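Treat the numbers as computed from the prediction; the structure is a model and nothing was measured. Positions are given from 1, in the same order as the sequence printed here.
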Amino acid sequence: MAQQSHDALARAVIERLAACEDPRFKQVMTLLIEHLHAFIRDADLRPEEWLRAVEFLIATGQASSEARRDFTLLADILGASTLITALDQARAPGDDRGAMTASTATRWGPRTRISGSELPLGSDIGEGVLGDATLYYGRVTDVDGRPLQGALLDTWSSHGGGGNVQSVGQTMSARGRFLTDAEGRYWFWSIKPGCHSVPIDGPVGHLLERMGRDPYRPGHIRLEVSAAGHTGMTTNLFVADGPCISFDAAFGVGDNLTVEFDLHAPGEAMDGRPMRAPYWSANHDFRLLPARG
């Protein structure tokens, strides 16, 4: 087909949306058709390549379950999850200064099946989990630095050996929810997370191998942070000098998402807890944008 015929085909498909009554859906579908047709033309896609792509998508769906979302993983390793999150945060209200000082949201990642329990500040959610004891602490404020009392931090992480503590058949661990105090402060104990691989036993893992890419993610702890009157966020805090920090398979690492983990000798920790072995601490403050109207 000549280029003009190629363009005419895309236009013909788009014209079939004329009766669509949802403006946003029509806009998205129009762009999808335009970009899909352009991709097929630019790649000069062969029929057998298209069939393999369809088979890959079917296999990705078949590999998914309640506890595992391989389409989410696919979006992660292609950078789509990070881009969508960044665009969403940019839509939040507030001036440029607020947008610059707000904490950075990042990809949602695999969703846990059970929410953690609400626990008192200072609780240890890392008991029985492989990894070095770590005190996480900081404040939650608005973009002007005013403390947000009662802000909720919902947190979970992989264990220190790099495994996933939320796997099917395992007890929910390294998981908890905390409310900030009157000064917007939070603190809790967990473990220092380790570098781990994304699932490589399914079609997305085979895709990574075919692309010649490393499947590892740097050690990180995930947090959902929310407060009344403010835009909640999901974010990851990465071990700044940990392995894999330079080649995150999910493209989630950002300069303001890396945290220095400080090593301490045995003794009384900052929150008064007696420690018989060396331990780590990680300090990070969260700044939330105003809620969307």
Tell me, do [X] and [Y] make a side-chain contact under 4.5 Å, heavy atoms counted?
X: Pro203; Y: Asp70; result: yes
X: Thr60; Y: Leu207; result: no
X: Pro266; Y: Pro278; result: yes
X: Leu179; Y: Glu118; result: yes
X: Glu34; Y: Leu31; result: yes
X: Asn236; Y: Leu257; result: no
X: Thr180; Y: Leu153; result: yes
X: Thr258; Y: Val253; result: yes

Say whether [X] and [Y] are linked into one hydrophobic cluster, either directly or through other cluster members, by side-chain heavy-atom distances under 4.5 angstrom.
X: Leu119; Y: Leu121; result: yes
X: Val198; Y: Met211; result: yes
X: Phe71; Y: Leu208; result: yes
X: Leu263; Y: Tyr136; result: yes
X: Leu57; Y: Leu78; result: yes

Pair His230-Val140, side-chain contact (heavy atoms from CB on, under 4.5 Å): steps then yes or no: CA-CA 11 Å; His230 293 78; Val140 181; over 6 Å; no
Separation between [atom1] of [X] and [atom2] of [Y], rounded to the nearest 0.5 Å:
X: Leu9; Y: Ile33; atom1: CG; atom2: CD1; answer: 10.0 Å
X: Leu17; Y: Met29; atom1: CG; atom2: CE; answer: 6.5 Å
X: Leu135; Y: Asn283; atom1: CG; atom2: CG; answer: 9.5 Å
X: Thr231; Y: Asp142; atom1: OG1; atom2: CG; answer: 12.0 Å
X: Trp156; Y: Leu223; atom1: CH2; atom2: CG; answer: 7.5 Å
X: Lys192; Y: His220; atom1: NZ; atom2: NE2; answer: 15.0 Å

Where do [X] and [Y] come nearest, in terms of heavy atoms and distance?
X: Met275; Y: Ala133; value: CE-CB, 3.9 Å
X: Thr141; Y: Arg139; value: CG2-NH1, 3.7 Å
X: Tyr137; Y: Ser281; value: CE2-CB, 4.1 Å
X: Ile125; Y: Arg175; value: CG2-O, 3.7 Å
X: Ala240; Y: Glu260; value: CB-OE2, 3.7 Å
X: Pro147; Y: Glu183; value: CB-O, 3.2 Å

Candidates Cys244, Cys195, Pro243 - the one meeting side chain to side chain contact (heavy atoms under 4.5 Å, CB included) with Pro218: Cys244
Asp271 bridged to Arg185 by N-O distance under 4.0 Å: no
Got a sec: does the [atom1] of [X] have more than 12 other heavy atoms crowding it under 6.0 Å?
X: Glu49; atom1: CD; value: yes
X: Phe25; atom1: CZ; value: no
X: Ile14; atom1: CD1; value: yes

Phe188 ring center near Phe178 ring center (under 6.0 Å):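 Ring-ring flag for Phe188/Phe178: true, centres closer than 6.0 Å.
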For the side chain of [X] and the backbone of [Y], is there at least one donor-acceptor N/O pair under 3.5 Å apart?
X: Asp76; Y: Ser81; value: no
X: Thr155; Y: Arg222; value: yes
X: Ser226; Y: Gly232; value: no
X: Ser197; Y: Tyr216; value: no
X: Arg217; Y: Pro215; value: no
X: Thr82; Y: Phe251; value: yes

Non-neighbouring partners of Tyr279 that pass ring pair (Phe, Tyr, Trp, His ring centres under 6.0 Å), sequence neighbours left out: Trp189, His264
Sequence neighbours excluded - disulfide bond (SG atoms under 2.5 Å apart) pairs with any residue from residues 18-78: none
Verdict with reasoning, Leu130 to Ile191, per side-chain contact (heavy atoms from CB on, under 4.5 Å): CA-CA 8 Å; Leu130 178 63; Ile191 49 86; over 6 Å; no
